[in-house]
Amino acid sequence: MRRALILAARGAGTTRPNPPVGAVIVKNGCVIAEGWHRAAGQPHAEAAALDAAGKRARDADLFVTLEPCSTTGRTGACTDRILEAGIRRVVVAVADPNPVHAGRGMRLLQANGLTVDLGCEHERATEYLAPFAKWITQGIPRLTLKLAMSLDGKIADRTGRSRWISSPASRRCVQELRRIADAILIGADTARRDRPCLLPTAAGRRTWRVIVDSRGNIDPLAPVFRDDYRSQTILATTAACPPRRHHDLEQNGITVWRLPTCAGRVSVRSLMRRLGRLNVMQVLCEGGGELAASLVSAKLVDEYYFFIAPRLLGGKHAPGALGGNGFLLGHDPALEFVTSKRFGPDMLIRARPAEKQSGIPSP
């Protein structure tokens, strides 16, 4: 099952709206075939492994990170393939989180005489499936908030410069976070100040880029609006965006969403629901402070990645990790640390809301 989880990770970020799944076939104590789900519309992990095993699959054991599907969609039902292949035992890490399908595939296999074991490496498999589980049950994507900051919590100096607070090693880690994200989210100030391209280095990824700008003041000549990926770029704004700016961006191939407001800004809850309808399961927010504060206040953040550099910026004019008016003690969001790890001179601290236990594997 641990090998199946490693295989599942290869599909993270490329399978939407399907979850990443891995499968391993074992016979007489030896692995004879393996597979993983590479992309929506391509064979599921079980089918890929069975294709690789061929006739050798008869009387073998199948280890799979998610309950096999029992319905026919863009591909055939995996339970049918398992029965046809003559598999004798199926070991499942996690039941299907989709309430419509949960347990049905395992019951069908048991009704046909197969042994089905559930729960092997359950905790780790649940982490891999967290984005899919949230999307399929709540209709909104799972959100990771990444903040690179100085030791005293500043995300830029007093002039607004933030390149580069974190080290090259930390930025390589962020590229892995981008690789498994379906959308990368930033605020208007970050877009204006840093002029990022927001593209993962992984070849073939078509990640959505979302800029939140309530008034539509962003420069239409910014890099995210001029490259070959502008068709994957969304400006999330409100009715305050000038109609001319709206028209010019759409003429340039940019998708513009006019969303409801909350306290005069884009409603981040409405934005998450809209992204969910776009089949986005995992969002990575890379700041800035005002957008981060809105997401935290709305209790939309599932996991935090704090990259802390060993430097001090200080000063009341240097922006902090969270904008807005801040939280009062006793009303501040409680977090729990998950892991810590060195990346070059920096320290990465992963945290999540104290009342939540779901996560994604660290890179």
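Numbers here are sequence positions counted from 1.
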Heavy-atom closest pair (Asn18 atom, Met281 atom, distance to 0.1 Å) is O-CE, 3.3 Å
Close side-chain approach of Phe132 to Asp96, heavy-atom, < 4.5 Å: yes
Ignoring hydrogens and angles, tell me if any N or O in the side chain of Arg178 forms a donor-acceptor pair with the backbone of Ile184 under 3.5 Å. no
If you count the non-hydrogen atoms of other residues, nucleotides and ligands that lie under 6.0 Å from CZ in Phe337, is the total more than 12? no
Same apolar cluster: Tyr304 and Leu291, side chain cutoff 4.5 Å: yes
Flag the pair Ser340 / Met347 as yes when at least one side-chain heavy-atom distance between them is below 4.5 Å, and no otherwise. yes
Report, as yes or no, whether the 6.0 Å neighbourhood of atom CZ on Arg56 holds more than 12 heavy atoms from other residues, nucleotides or ligands. yes
Taking Leu259 as the starting point, is it possible to reach Leu295 by hopping between hydrophobic residues whose side chains are less than 4.5 Å apart? yes
Short side-chain donor-acceptor distance under 3.5 Å, Arg209 and Thr233: yes
So Arg104 and Thr71, do their side chains get closer than 4.5 Å, heavy atoms only? yes
Please determine which of Thr144, Val283, Val268 meets the side chain to side chain contact (heavy atoms under 4.5 Å, CB included) test together with Leu185. Val283
If you count heavy atoms of other groups shown closer than 6.0 angstrom to CD of Glu123, is the number above 12? no
Checking Asp346 against Ser166: is there a side-chain donor and acceptor pair closer than 3.5 Å? no
Are side-chain N/O atoms of Gln232 and Thr207 paired as donor and acceptor at under 3.5 Å? no
Return yes if some donor-acceptor pair links the side-chain N/O of Ser297 with the main-chain N/O of Ser294 below 3.5 Å, else return no. no
Do Leu66 and Pro97 touch side chain to side chain, with heavy atoms closer than 4.5 Å? yes
Would a 4.5 Å heavy-atom cut-off, applied to side chains only, mark His44 and Cys69 as touching? yes
For atom CZ of Arg215, decide whether the heavy atoms of other residues, nucleotides or ligands shown that lie under 6.0 angstrom number more than 12. no
Contact between Leu271 and Val210 at the side-chain level, heavy atoms closer than 4.5 Å - yes or no? yes
Residues Asp51, Arg81: salt bridge by 4.0 Å N-O rule: yes
Closest approach of Ser214 to Thr238 (non-hydrogen atoms, all atoms of both residues): O-OG1, 2.6 Å
Smallest separation among heavy atoms of Val91 and Met1, with atom names: O-CE, 3.4 Å
Residues in side-chain contact (heavy atoms from CB on, under 4.5 Å) contact with Ala239, at least two apart in sequence or another chain: Arg258
What I'd like to find out is whether the side chain of Leu335 reaches to under 4.5 Å of the side chain of Phe306, using heavy atoms alone. yes
So how far is it from Arg311 CZ to Asp157 CG, rounded to the nearest 0.5 Å? 10.0 Å
Please tell me whether Trp164 and Phe343 are part of a single hydrophobic cluster in this structure, the criterion being side-chain heavy atoms less than 4.5 Å apart. no
With no hydrogens and no angle check, is any side-chain donor or acceptor of Lys154 less than 3.5 Å from a backbone partner on Ala318? yes
Determine the sole option in Lys146, Arg142, Lys134 for which the salt bridge (charged side-chain N to carboxylate O under 4.0 Å, His left out) test with Glu303 is passed. Arg142
Just by distance, do the side chain of Glu67 and the backbone of Gly105 share a donor-acceptor pair under 3.5 Å? yes
Considering all heavy atoms, the nearest Val296-Phe327 contact: CG1-CZ, 3.9 Å
Heavy atoms only: give me the nearest Ile254-Leu235 pair and the separation to one decimal. CG2-N, 4.3 Å
Between Leu83 and Leu109, does the side chain to side chain contact (heavy atoms under 4.5 Å, CB included) criterion hold? Intermediate values first, please. CA-CA 8 Å; Leu83 294 172; Leu109 293 174; 4.1 Å; yes
Short N-O contact, Arg88 and Asp61, less than 4.0 angstrom: yes
Scanning both residues in full, the closest heavy-atom pair of Pro131 with Glu127 reads CD-O, 4.1 Å
Residues Arg179 and Glu176 bridged, charged N to O under 4.0 Å: yes
As a quick check of understanding, evaluate side chain to side chain contact (heavy atoms under 4.5 Å, CB included) for Leu300 and Ile140, giving each step before the final call. CA-CA 9 Å; Leu300 289 169; Ile140 60 175; 4.2 Å; yes
Ile234 side, atom CD1; Leu278 side, atom CG - distance, nearest 0.5 Å: 5.5 Å
Please indicate whether Asn112 has more than 12 foreign heavy atoms, meaning atoms of other residues, nucleotides or ligands, lying under 6.0 Å from its CG. yes
Look up atom SG in Cys173 and atom CZ in Phe307, then write down how far apart they are to the nearest 0.5 Å. 3.5 Å
With a 4.5 Å cut-off on side-chain heavy-atom distances among I, L, V, M, F, W and Y, is there a chain of contacts connecting Met149 to Val338? no
Would you please test Arg277 and Arg274 for side chain to side chain contact (heavy atoms under 4.5 Å, CB included) and show each step? CA-CA 5 Å; Arg277 292 197 294 272; Arg274 189 73 176 265; 3.1 Å; yes
What distance separates Arg3 CZ from Trp36 CH2, expressed to the nearest 0.5 Å? 8.0 Å
For the CZ atom of Arg58 and the CD1 atom of Ile87, what is their distance to the nearest 0.5 Å? 9.5 Å
Kindly indicate whether the side chain of Val174, heavy atoms from C-beta on, has any atom under 4.5 Å from the side chain of Glu286. yes
dist His37:NE2 -> Leu7:CG (nearest 0.5 Å) comes out at 14.0 Å
Carefully, step by step, assess Leu275 and Trp257 under the rule side chain to side chain contact (heavy atoms under 4.5 Å, CB included). CA-CA 11 Å; Leu275 287 170; Trp257 288 349; 3.8 Å; yes
Hydrophobic cluster membership, Tyr128 vs Ile136, 4.5 Å side-chain cutoff: no
